[in-house]
> 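Please find one structure pasted underneath; my questions will follow.
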Amino acid sequence: MKKYELVPYTDGDHDNYIKCQMDAFEKYIIEFFGICDMAIMEGHLKQLKPNLFKIIVKHQIAGYVYYKEEDTKIIVDVFTLYSEFRNNGLGTLILQEFIQTADKLNKPILLDTFKSNPAKGFYERNGFVVVDENYSHYILRYGSVI
């Protein structure tokens, strides 16, 4: 039996999603942009909704992940776990399943993370490499470019 389940986001998840994002990213958003603008967060959420999933563990929401398979790549975004679900192997388990899918499909995975977020090390330990960067984020890739 799987340790987690990915369930599509619904509008009823809005407040919990925002709470999870604030828990994980507020300090980085403020660090790089000086303010956590809710209008920007709402706009980002609107774009993500079609491919956004809540991560369920034992009937509890453990976090959220955006996952989308495109023609030439897989995009992972907003890979967020509540603090009580971090550092117990759950993130690695989920990421490894994405990697297995990428390997089967022969597609790279692209994602980004705030430059000061220690998650960069997590991604690198799982085979991702930095391929680009901007003011606030590293862009990482797993697998080769097709």
Side-chain angles (χ1 to χ4, degrees), residues 1-10 13-14 16-34 36-37 40-146:
M1 185 170 171
K2 244 178 149 173
K3 183 178 178 179
Y4 71 93
E5 182 180 7
L6 296 182
V7 177
Y9 171 93
T10 66
D13 296 313
H14 177 272
N16 198 17
Y17 170 81
I18 295 296
K19 180 181 175 199
C20 190
Q21 294 306 291
M22 296 297 281
D23 177 57
F25 299 122
E26 182 178 27
K27 66 183 172 185
Y28 307 118
I29 293 168
I30 291 171
E31 174 184 359
F32 286 99
F33 304 111
C36 191
D37 186 328
I40 292 173
M41 288 187 79
E42 293 288 348
H44 191 235
L45 173 57
K46 186 176 180 181
Q47 291 177 323
L48 297 174
K49 278 183 188 182
N51 297 291
L52 186 60
F53 297 88
K54 53 189 165 190
I55 302 164
I56 305 293
V57 175
K58 296 181 182 177
H59 306 290
Q60 290 185 304
I61 297 175
Y64 292 87
V65 64
Y66 172 93
Y67 176 86
K68 183 177 181 185
E69 291 180 25
E70 296 184 349
D71 288 342
T72 60
K73 64 186 177 252
I74 295 171
I75 305 292
V76 173
D77 196 0
V78 198
F79 188 10
T80 311
L81 296 172
Y82 278 113
S83 56
E84 60 267 28
F85 290 94
R86 293 182 202 142
N87 301 311
N88 68 2
L90 178 63
T92 300
L93 180 65
I94 295 167
L95 192 60
Q96 285 300 316
E97 289 195 21
F98 293 160
I99 287 170
Q100 288 173 2
T101 299
D103 287 343
K104 284 180 195 170
L105 298 174
N106 195 30
K107 293 180 181 181
I109 299 173
L110 294 173
L111 56 78
D112 63 24
T113 190
F114 279 101
K115 286 184 171 180
S116 56
N117 188 340
K120 177 181 175 270
F122 163 73
Y123 294 125
E124 290 173 328
R125 286 189 303 277
N126 282 279
F128 285 77
V129 295
V130 174
V131 293
D132 203 357
E133 65 182 273
N134 59 36
Y135 169 73
S136 57
H137 287 77
Y138 290 116
I139 292 73
L140 296 100
R141 182 186 71 231
Y142 169 84
S144 58
V145 177
I146 297 174

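The residues of the chain are indexed from 1 along the displayed sequence. Model, not experiment: these values are computed from the prediction.
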> Looking at every non-hydrogen atom in both residues, tell me the closest pair between Tyr28 and Ser116 and how far apart they are.
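So the two residues come closest at CD2-OG, 3.3 Å.
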> May I ask you to test the Leu45-Gln21 pair for a side-chain heavy-atom distance under 4.5 Å?
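No - every pair of side-chain heavy atoms lies 4.5 Å or more apart.
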> Answer yes or no: is there a donor N or O on one side and an acceptor on the other, between the side chain of Lys115 and the main chain of Asn134, under 3.5 Å?
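Side chain of Lys115 to backbone of Asn134: a pair is present.
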> If I take atom NZ from residue Lys54 and atom OG1 from residue Thr10, how far apart are they, to the nearest 0.5 angstrom?
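Going from NZ on Lys54 over to OG1 on Thr10, the span is 4.5 Å.
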> Report yes if some heavy atom in the side chain of Leu95 is under 4.5 Å from a heavy atom in the side chain of Phe122; otherwise report no.
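The answer is yes; the side chains approach within 4.5 Å.
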> Is any side-chain heavy atom of Asp13 closer than 4.5 Å to a side-chain heavy atom of Ile61?
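Asp13 reaches Ile61 side chain to side chain.
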> How many angstroms lie between atom CG of Asp112 and atom NE2 of His137, to the nearest 0.5 angstrom?
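Result: 4.5 Å between the selected atoms.
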> Do Tyr82 and Gln60 have side chains that approach each other closer than 4.5 Å (heavy atoms only, starting at C-beta)?
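Side chain of Tyr82 against side chain of Gln60, heavy atoms only: no contact under 4.5 Å found.
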> Side chains of Glu69 and Thr101: does their closest heavy-atom pair fall under 4.5 Å?
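Side-chain contact under 4.5 Å: yes.
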> State the NZ-CG distance between Lys68 and Leu48, to the nearest 0.5 angstrom.
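Separation between the atoms: 10.5 Å.
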> Please give me the minimum heavy-atom distance between His14 and Glu42, naming the atom from each residue.
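Minimum heavy-atom contact is NE2-OE2, 2.7 Å.
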> Please state whether the rings of Phe114 and Phe33 are parallel, tilted or perpendicular, taking 30° and 60° as the class boundaries.
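Rings of Phe114 and Phe33: perpendicular, over 60°.
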> Under 6.0 Å from the CG atom of Asn87, do we count more than 12 heavy atoms belonging to anything else shown?
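For Asn87, atom CG is not crowded (no more than 12 foreign heavy atoms under 6.0 Å).
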> What are the two closest heavy atoms between Gly63 and Cys20, and how far apart are they?
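Closest heavy-atom pair between Gly63 and Cys20: CA-SG, 3.9 Å.
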> To check you understand the geometry: which heavy-atom pair defines the closest contact between Leu140 and Tyr138, and what is its length?
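Of all heavy-atom pairs spanning Leu140 and Tyr138, the closest is CD1-O, 3.7 Å.
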> Would you say the side chain of Asn117 lies within less than 4.5 Å of the side chain of Phe25, judging by non-hydrogen atoms?
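Yes, close enough: below the 4.5 Å cut-off.
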> Which heavy atom of Ala62 sits nearest to which heavy atom of Val57, and what is that distance?
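Closest pair (atom of Ala62, atom of Val57, distance): CB-CG2, 3.8 Å.
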> If you measure from CD on Gln96 to CG on Asp103, what distance do you get to the nearest 0.5 Å?
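Those atoms lie 9.0 Å apart.
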> Report the distance from atom CG of Asn126 to atom CD1 of Ile94, rounding to the nearest 0.5 Å.
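Nearest 0.5 Å value for the CG-CD1 distance: 11.5 Å.
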> Any idea how Phe128 and Tyr142 line up, ring-wise: parallel (<30°), tilted (30 to 60°), or perpendicular (>60°)?
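Rings of Phe128 and Tyr142: tilted, 30 to 60°.
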> Please check if the distance between the ring centroids of Tyr67 and Phe53 is under 6.0 Å.
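No, they do not, as the ring centres are separated by 6.0 Å or more.
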> Over 60° means perpendicular and under 30° means parallel, so tell me whether Tyr64 and Tyr17 are parallel, tilted or perpendicular.
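Taking Tyr17 first and then Tyr64, their aromatic rings stand perpendicular (interplane angle over 60°).
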> Start with the C-alpha gap between Glu70 and Lys107, add the side-chain angles, then the distance that decides, and say whether side-chain contact (heavy atoms from CB on, under 4.5 Å) holds.
CA-CA 9 Å; Glu70 296 184 349; Lys107 293 180 181 181; 6.0 Å; no
> What's the spacing between Leu105 CG and Asp71 CG if we round to 0.5 Å?
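It is 11.5 Å, given to the nearest 0.5 Å.
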> Any idea which heavy atoms bring Ile109 and Ala102 closest together, and the distance?
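Looking at all heavy atoms of both residues, the shortest contact is CG1-CB, 3.6 Å.
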> One thing to verify: whether Lys120 and Glu124 come together as a salt bridge, which I'm taking to mean a side-chain N less than 4.0 angstrom from a carboxylate O.
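Judged by the 4.0 Å cut-off on N to carboxylate O distance, Glu124 and Lys120 do form a salt bridge.
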> Do the side chains of Phe79 and Leu111 get nearer than 4.5 Å, heavy atoms only?
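A side-chain contact under 4.5 Å is absent here.
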> Just wondering, do Phe98 and Val65 contact through their side chains at under 4.5 Å, heavy atoms?
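With C-beta onward as the side chain, the pair touches.
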